[in-house]
Q: 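Here it is, the structure, as structure tokens.
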Amino acid sequence: MRQSMIIFSLMLFIFSNSSYAQEQGAGRPPMSPPIQPELHLGHNKLVFQNIMIKPLDEAHRWDFFNITYFDSHFQDQDKPFNEGLIQTFVAYNFLKGVGLGVGGTYNTFTGVNPNLVGQFVNAGPGHLVVFFVAAHLKSSPSYEAFTQIQYRPRISENTRLFTQLMALTNWNQLEIHSRSFQQLRVGLDVKTYQFGIGADFDQYGPNRQSKTNIGLFVRTEIFN
């Protein structure tokens, strides 16, 4: 319950500051992806996550990337799966949207590890594509791939359909499965807010123990 309240309070704080978002109409994200905090309340757990990809210079040669994720399961038998993740890196784009970076990851299960990362980012009025691969440098290296794909066809002047697929997979030494998830979001995009139905599919450990979380999500996009 305490972790659920922390997640909920975090989300309330971010949403209360969303009035600072630039009013560029529906059809997010712009060419520079916004900060994307989301709250997902499902039948099994409460999830807060945030993705940020921001240029560090006017030429967009350097990018700052961050993923923050916290969840809190409702049932006592699922509490051991409660998870926190903070992954941050700085990348240099040698081609438009294509770069290499270094950073670090904190995970409640594996601790803190440095990373080497390759990324691809493409953003437009009605779409967003993010892909990165990472090598976690530790005594027993692990490797990770992440993707985020959004498609937002226009419905009316201020409203779009919001669809998103987000997925991650992590393998120890490219041989043993460690952690994966797939997230689906379908709803409406009204100005800087998106809301609708969300489904999360999680897999844990070498035996891919599976859990599902289906419910409602609300997200916003700020500081474009």
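In what follows, residues are counted from 1 in the order of the sequence shown. Small disclaimer: the values here were computed from a predicted structure and weren't measured.
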Q: Any luck finding a side-chain donor-acceptor pair between Gln164 and Gln183 under 3.5 Å?
A: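 Checked: Gln164/Gln183 side chains show no N/O donor-acceptor pair below 3.5 Å.
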Q: Both conditions, 6.0 Å and 45 degrees, for the charged tip of Arg179 above the ring of Tyr204: are they met here?
A: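 Yes.
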Q: What's the separation between atom CD in Glu38 and atom CZ in Phe48, rounded to the nearest 0.5 Å?
A: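 The distance works out to 9.5 Å.
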Q: Could you go through His127 and Asn122, starting from their C-alpha distance and side-chain angles, then the distance that decides it, and tell me whether this counts as side-chain hydrogen bond (donor to acceptor under 3.5 Å, both in side chains)?
A: CA-CA 8 Å; His127 77 279; Asn122 184 275; 2.5 Å; yes
Q: Judged by modelled atom types alone, do Gln119 and Asn93 share a side-chain donor-acceptor pair under 3.5 Å?
A: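 There is such a pair between these side chains.
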Q: Rounded at 0.5 Å granularity, tell me how far CG in Asp189 sits from OG1 in Thr159.
A: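 Reported to 0.5 Å precision, the distance equals 8.0 Å.
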Q: Among Asn115, Thr169, Asn170, whose side chain to side chain donor-acceptor pair (under 3.5 Å) with Glu144 holds?
A: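 The side chain to side chain donor-acceptor pair (under 3.5 Å) with Glu144 is passed solely by Asn170 among Asn115, Thr169, Asn170.
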Q: We want to know whether Gln150 and Gln194 form a side-chain donor-acceptor pair, criterion being a heavy-atom distance below 3.5 angstrom.
A: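 Note: Gln150 and Gln194 side chains miss the donor-acceptor criterion.
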Q: So for atom CZ, which belongs to Phe109, do other residues, nucleotides or ligands contribute more than 12 heavy atoms lying within a distance under 6.0 Å?
A: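 Yes, the 6.0 Å shell around CZ holds more than 12 heavy atoms from other groups.
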Q: State, yes or no, whether a side-chain contact exists between Gln87 and Asn66 at a heavy-atom distance under 4.5 Å.
A: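 They are not in side-chain contact.
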Q: I need the single residue from Gln182, Lys45, Arg185 that forms a side chain to side chain donor-acceptor pair (under 3.5 Å) with Asp200. Which is it?
A: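 Exactly one candidate clears the test, Arg185.
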Q: Is it true that the side chains of Gln49 and Gln36 contain a donor and an acceptor less than 3.5 Å apart?
A: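 Per modelled atom types, Gln49 and Gln36 side chains form no pair under 3.5 Å.
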Q: Looking at Tyr143, Phe120, Phe89, which one forms a ring-ring contact (aromatic ring centres under 6.0 Å, His included) with Phe132?
A: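 Among Tyr143, Phe120, Phe89, the one meeting ring-ring contact (aromatic ring centres under 6.0 Å, His included) with Phe132 is Phe89.
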Q: Can a salt bridge be assigned to the pair Lys211 and Asp78 using a cut-off of 4.0 Å between side-chain N and carboxylate O?
A: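 Yes, Lys211 and Asp78 are salt-bridged.
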Q: Only one of Thr68, Thr88, Asn113, Val112 forms a side chain to side chain contact (heavy atoms under 4.5 Å, CB included) with Tyr106, so which one is it?
A: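 When Thr68, Thr88, Asn113, Val112 are each tested with Tyr106, the side chain to side chain contact (heavy atoms under 4.5 Å, CB included) holds only for Val112.
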